[in-house]
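In this text, all values refer to a predicted model and were calculated from it rather than measured experimentally.
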Amino acid sequence: MREDAETLLIRLRAAMPALRPSERRIAEVFTGDPAAAANLSIAEVAARCATSTTSVVRFYQRMGYAHFKDFRIDLTRAVAREELAVSGLPEASGDIDRHDSLAGIVSKVAMNETLSIADTARSLDMDALGEAVALLLAARRIDSFGVGASSLVGLDLQQKLARIGRTALNWHDSHAAWTSAATLDSACVAVAVSHTGATVDTVEFLAIARRAGAATVAITNFRDSPLARAADVTLTTAARETKFRSGALGSRIAQLMVVDCLFTGVAQASYDASMRALRDTYAVLHDRRVKRA
């Protein structure tokens, strides 16, 4: 058995993009219904995936296990951890399908988002988070960029940092982001957000910023991605996707959790100044509220 900070299921999902088709089918058996899959034999897994038993053996060895028994034990442990994490939620299982009631949809969305946050918290590299906090603390300017739903996450980071007096910019247009990145220097930090880590415009933003001399931070679901390779520091999420909530939506809750941790780390490290700025900005907004008669 492995004693990684991450559970086996987190590692299986993170490995998906790099797997060959036969390996992906095997991984999907274990991630689709892990409780049932933990009771399967090697031959049964191979039959379900239309592949060979040798392929199954190579797969669990690739995941770091010498014996299938240990792989299944860790899979069972991962299932138990997930069941504990959602024990207070209405019972729900499987993906959303056409026959689900609205109550069932709510239960499944709540379960997936709860587990996305729990998995991200479990797998987030504390050393990397500390490095990212230190970079943002020392930065003269912080630029953030993402495409689609990831752009909303970058905007959230920018707004949070601005509330505590940090010079932070967010770009929603790729050409504007690239030209801005080209003007950065060693006193600046560029933060890029992409679930897959393969969004071309986002990778280019970080690459340009790095060439200009800026420190670079990536927020992505996959460590072995082009975006991660363009970053000095990578903060990984562990997002869960469903048929109705693929990358763009399924990743957002996990990305926002990472942004909250990053912002809170910066605010805590500059506690007195951040608290003054938060009080001042709150007072300005509070005075703009409509007065009741």
Report yes or no: do [X] and [Y] form a side-chain donor-acceptor pair below 3.5 Å?
| X | Y | value |
| --- | --- | --- |
| Arg141 | Ser180 | yes |
| Thr202 | Ser194 | no |
| Asp74 | Tyr65 | yes |

Measuring from atom OG1 of Thr31 to atom CG of Leu8, what distance do you get when rounded to the nearest 0.5 angstrom?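 It is 10.0 Å, given to the nearest 0.5 Å.
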Measure the spacing between OG1 of Thr167 and CD of Gln158 and express it to the nearest 0.5 Å.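 Taking OG1 in Thr167 and CD in Gln158, the distance rounds to 10.5 Å.
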Hey, does [Y] have a side-chain heavy atom less than 4.5 Å from the side chain of [X]?
| X | Y | value |
| --- | --- | --- |
| Thr220 | Leu235 | no |
| Leu12 | Phe59 | yes |
| Ser144 | Leu169 | no |
| Leu129 | Leu262 | yes |
| Phe30 | Phe71 | yes |

Looking at [X], I'd like to know if its [atom1] atom is crowded, meaning that more than 12 non-hydrogen atoms belonging to other residues, nucleotides or ligands lie closer than 6.0 Å.
| X | atom1 | result |
| --- | --- | --- |
| Arg24 | CZ | yes |
| Asp280 | CG | yes |
| Arg20 | CZ | no |

Regarding [X] and [Y], does a basic nitrogen lie under 4.0 Å from an acidic carboxylate oxygen?
| X | Y | answer |
| --- | --- | --- |
| Glu113 | Arg252 | no |
| Arg276 | Asp272 | no |
| Arg122 | Asp119 | no |

Verdict with supporting geometry, Glu28 and Arg25, salt bridge (charged side-chain N to carboxylate O under 4.0 Å, His left out): CA-CA 5 Å; Glu28 286 171 350; Arg25 292 197 301 273; over 6 Å; no
Return the set of residues passing side chain to side chain donor-acceptor pair (under 3.5 Å) with Thr234 (not counting sequence neighbours), or none when no residue passes.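 With sequence neighbours excluded, Thr234 shows a side chain to side chain donor-acceptor pair (under 3.5 Å) to no residue whatsoever.
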Pair Phe145 + His172: ring centers closer than 6.0 Å: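 Aromatic pair excluded; centres sit 6.0 Å or further apart.
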Using modelled atom types and a 3.5 Å cut-off, is there a donor and acceptor pairing between side-chain atoms of Arg163 and backbone atoms of Ala277?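 No, Arg163 side chain to Ala277 backbone: no donor-acceptor pair under 3.5 Å.
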